[in-house]
Amino acid sequence: MKNFLFLFRSDFSSTAKRSPEEMQNNTKMWMDWIGGIAAQNKLADRGNRLEQTGKVVRPNNVVTDGPFTEIKETLGGYTVVQASSLEEAAELAQGCPILAFGGNVEIREISVL
Amino acid sequence: MEDKELLPHLFRTEYSKITAVLCKLLGFEHLDVAEDIASETFLSASELWGLKGLPENPAAWLYTVAKNKAKNHLKHRAVFQQKVSVQLSQAATSEVPELDLSARNIKDSQLQMMFAVCHPAISLESQIGLALRVLCGFGIEEIADAFLTSKDTINKRLLRAKEKLREENIAIAFPAAAEISNRLEAVLRTLYLLFNEGYFSASHDHSLRKDLCLEAMRLTFLLTEYEATNTPAVNALIALMSFQASRFEARTNASGDTVLYDDQDTSLWDDDLVQQGEHFLNLASKGTVASKYHYEAGIAYWHTIKADTPEKWENILQLYNQLLTVEYSPVAALNRTYALSRANGKEAALQEAKKLSLNDHYQYHLLLGELYAGVDNRAARSSLEKAFALSHSAADKKVIDQKIQQLTETD
């Protein structure tokens, strides 16, 4: 079994407008999806959500707010799963709630040093 | 209490205390001696009380006799050390230490024994066996019954465990403060398994199973009486045990057969234990870290709610989702899928169930039988037949057979 990183990207600027009910329903969808992976014993690290604000440090002491100046799509969180292949990991990403909101899951194998 | 019931009762309550105190005094390497002295004390009681009648204070009588026997033993040991091994060691002493049988020392000794017995140097099975023997005063035969194995196996297992603890020089003492949280985790796991052994055991001896559960609760409760061990996880574990135990009487019928959750007579559920569970669950919520016992206690709490609402199953589902992200177990995976069927419907649960690689578990096929029932009765039937073939205990086979009969009737 290898570990794969799931990176969740989406246009998170629209999420702020959600009602509490929508947010609760959203949490449920995420937990049902994560719980489904955990029930297959394929969850390595539940991961975390990432705050939307941040800073980027560039050469020559250039520090800017937010990693997202040009693109609308931002990184919203990550999870680590266990799978025997990239294909199987992609299979696990099916049903991720972010897909229903126009976002995507980037899957990268974690290569251990 | 009837006279003839008194001695077995005292054996259950006092044997382990006497053993713990003696063992603390003599050191773990003399656990056998401690057990012998405790046993001899009860032997004397059974002989003398039968002839002369009960003493005024039977428990105090036992302590006095145990104390005297221990003093004699120590005197002999001192004589041996002075006269025989004096050439070997100059450090021999003739002083006989006083045996402290105060309530405080009894409690301390039991708690310290708990940490010694749950030492990572010995296997989990042995930890539970030793806990039953020296902390709960169970007989070898009862332990063998609880584990569905032979007395011989248990004897060997305990002997090996005691030798190991002796070799490793395990002290009967509180672990250092920095070590407590690690060691406490092992203690909780043992108590949790001890309780489960009683609650889910296939053994048919109802009173034995109940005793196992009560002993596990008593020992867990003991942990709440010390500041260093009165942690949120400990409180969550008692809450879990209380909620589970509240359904104890409803889980079997008059002929000793298993009654499934949905078919239980809820008037047999014990409200006092439910309240006790709620009390400890409140205390458990004071920390910042949720242990697996918190999630399991939460699940058990929702099971004490009699009304069958969507909210109930939704909450149970979410708690299973959380539990599984903390620790995977096949049983939790199966239960989570069942909760999913109650919260989101059978179709959604069937899809998820097919992803579980648990083909060797009879409970997996039992779950499939449940999920297919009413959706695809032919598939339900074949799943239940697989479950029947894979199950081991007669009690499980009976439950599965009943489900097959029900399915045939509705067809």
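Below, chains carry the letters A, B, ... as their sequence lines are ordered, and counting in each starts from 1. The figures that follow rest on heavy atoms only: side chains count, while hydrogens, waters and symmetry mates do not.
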Looking only at heavy atoms, what is the nearest atom pair of B:Glu352 and A:Gly36, with distance? OE1-CA, 3.2 Å

Looking at chain A, which one of B:Leu317, B:Leu324, B:Leu358, B:Leu334 has the largest number of heavy-atom pairs inside 4.5 Å, strictly under? B:Leu324

What pair of heavy atoms forms the shortest contact from A:Met31 to B:Gln318, and how long is it? CB-OE1, 3.0 Å

Should we say atom CD of A:Glu109 is surrounded by more than 12 heavy atoms from elsewhere, each under 6.0 Å from it? yes

Which distance, rounded to the nearest 0.5 Å, do you find between the NZ of A:Lys28 and the CG of B:Asn344? 4.0 Å

Give the minimum heavy-atom separation between B:Ala333 and A:Ala39, together with the two atoms involved. CB-O, 3.3 Å

Proximal component of A:Asp45, with respect to chain B [non-hydrogen, under 4.5 Å]: neither

Would you mind checking which part of B:Glu314 comes under 4.5 Å of any heavy atom in chain A, side chain (CB onward), backbone (N, CA, C, O), both or neither? side chain

A:Glu91 atom CD, over 12 foreign heavy atoms within 6.0 Å: no

Between B:Thr325 and chain A, which part of the residue has a heavy atom less than 4.5 Å away: side chain, backbone, both or neither? both

Using a cut-off of under 4.5 Å for heavy-atom pairs, which of A:Thr27, A:Asn41, A:Ile34, A:Leu43 has the most such pairs with chain B? A:Asn41

Do other residues, nucleotides or ligands put more than 12 heavy atoms under 6.0 Å from the CG atom of A:Asn60? no

